[in-house]
Amino acid sequence: MSTSTQHQFRYTQTPSKVLHLRNLPWECTDDELVELCRPFGKIVNTKCNVGANRNQAFVEFADLNQAISMVSYYASSSEPAQVRGKTVYIQYSNRHEIVNNKSPGDVPGNVLLVTIEGVEAGDVSIDVIHLVFSAFGFVHKIATFEKTAGFQALIQYTDADTAAAARNALDGRSIPRYLLPEHVGACHLRISYSAHRDLNIKFQSNRSRDYTNPMLPVNHTAIDGALQPVVGPDGKKIEPESNVLLASIENMQYAVTVDVLHTVFSAFGTVQKIAIFEKNGQTQALIQYPVVTTAATAKEALEGHCIYDGGYCKLHLTYSRHTDLNVKAFSDKSRDYTVPQVPAVPWQNPQAGPMYPGTAPALQGQVPGGQMLSWDPAQQTATPSYVSAPGTYPSHTYAAPPTPAYPTAAASSPIAQSNPLVHNASSMGITQPGIPLNVNLQPGGASPSVPASSPLMQASPIAGASPPAHQPYFS
DNA sequence: AGCACA
């Protein structure tokens, strides 16, 4: 026969219902493979992206004759098999079935396994996850957990098609920044399929939800018992309040010292303790108030605002799981204002050295690094205009200004007494000439809520008064 | 352009 003589090579391999395809375009998809092969029969399995160049694949037909028909067709066809315009070479595979074709995560199902990279469990609330994945269909259930792979979530949809749509759209994408805490960087979603069909959600908790059963009991122990092991806004409303705030400081172009924080947070009540520390390369601070309500007021008022103009040192506030900080009474990273302290004795930072003039109030006077907080009461009282920005910050967002009740030196602190916040609840700005200290009114930083003509902006020490004062800290 | 270990 002419065919046997002309195409002997085609019969050097025993036919198999598994075909080996090569010279595929890079990272050819299952769909493209199926599209090419489906005309010849039912495809029961595929394996893409095989080989060093990931340009080979296997296709397994349900029936041997289907594979034969495909090989035969392209053996005599004037048009070669093509994917994306690239000629694909087809042979019988030397195996007769595709074994272990897919990792379990590649087997489609109605439940997605989502790995949220680059975040801690507390950074992405279950509500945010629900919001993101609800775009593709009704989310039945969500379970989140932490494994070695990181923070993961199981998302249950009605069917595999919905799950696939969500996977195709979101795999490799990121949760929008505006849904995440400020301190979170890039956060990529890695999505595969779970082998689960129906998640067994026992409680509505900060870690799991069953949206098909709103009556499911809320597991408070899961929240309270864990005492909120996470630092981020975990489930927004679910986050238990605390008298201790956790502040993440973003875009810290200028030093944020204990004193600076004390000034800012004292506007809402007595600050008992402060601790500054680094976590994941980010400066964070814990600020302890006597009571939850004060912390809540401060959190509400300061969240998203910047200590300095220009989007510098933006505060992101959550409730800490701590209720009573154990900090050194005096260090450059912590302060305990509840222990009796003698204002007359200047505190000297051994690291920064005694570089402040004697005119500085003892407790507030020094900032490590040499920056001075030189209080001038006359200036304070003479500069109320720029700290008042009516309308930009509703006064009703916090309660009646608390009276600072410092047990010791703080009671006479010029900050507390002259703090415009204490007297004028419409503003949170605290600006000192020469002192990089005003909480501007730009939640989110990017969208200015303060008009350019805002007196606050004009009065910003960054904007004009004394920019060099900040330079020693960095760069 | 020539066979897979997820």
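Convention: sequence-line order gives letters A, B, ...; per-chain numbering from 1. Computed from a predicted model, the values in this text were never measured in an experiment.
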**Item:** Integer-rounded Å distance: B:dA6 C1' and A:D30 CG
**Value:** 13 Å
**Item:** Spacing between A:L33 atom CG and B:dA4 atom C1', to the nearest angstrom
**Value:** 13 Å
**Request:** Consider the side chain of A:N23, meaning its heavy atoms from C-beta on, and name the nucleotide among B:dA1, B:dA6, B:dC3 that approaches it most closely.
**Result:** B:dA1
**Request:** Identify whether the distance between the nearest side-chain nitrogen and carboxylate oxygen of A:R335 and A:D259 falls below 4.0 Å.
**Result:** yes
**Item:** Rounded distance (Å) that lies between atom P of B:dC5 and atom CG of A:D106
**Value:** 13 Å
**Message:** Tell me the interatomic distance from A:L113, atom CG, to B:dA6, atom C1', rounded to whole angstroms.
**Reply:** 15 Å
**Request:** For A:I98 and B:dA6, give me the distance from atom CD1 to atom C1', rounded to whole Å.
**Result:** 12 Å
**Complete:** Of the candidates B:dA1, B:dC3, B:dA4, the side chain of A:R22 sits closest to B:dA1
**Item:** Of all pairs that satisfy ring-ring contact (aromatic ring centres under 6.0 Å, His included), the ones with a partner from residues 25-47 of chain A, not counting sequence neighbours
**Value:** A:F40-A:Y73, A:F40-A:Y74
**Asked** Which listed nucleotide (B:dC3, B:dA6, B:dC5) is nearest to the side chain of A:H20?
**Response** B:dC3
**Request:** Would you mind reading off the distance between A:L24 atom CG and B:dA1 atom P, rounded to a whole angstrom?
**Result:** 12 Å
**Request:** With sequence neighbours excluded, give me every ring-ring contact (aromatic ring centres under 6.0 Å, His included) pair touching residues 192-219 of chain A.
**Result:** A:H130-A:Y211
**Request:** For A:V18 and for A:N55, find the nucleotide of DNA chain B with the closest heavy atom, then tell me which residue's nucleotide is more 5'.
**Result:** A:N55
**Request:** Taking the six-membered ring for Trp and the single ring otherwise, decide whether the centroids of A:Y157 and A:H140 are under 6.0 Å apart.
**Result:** no
**Request:** Can you tell me the distance, in whole Å, between the CZ atom of A:F58 and the C1' atom of B:dC5?
**Result:** 12 Å
**Message:** Please report the distance, rounded to the nearest Å, between CD in A:E97 and C1' in B:dC5.
**Reply:** 14 Å
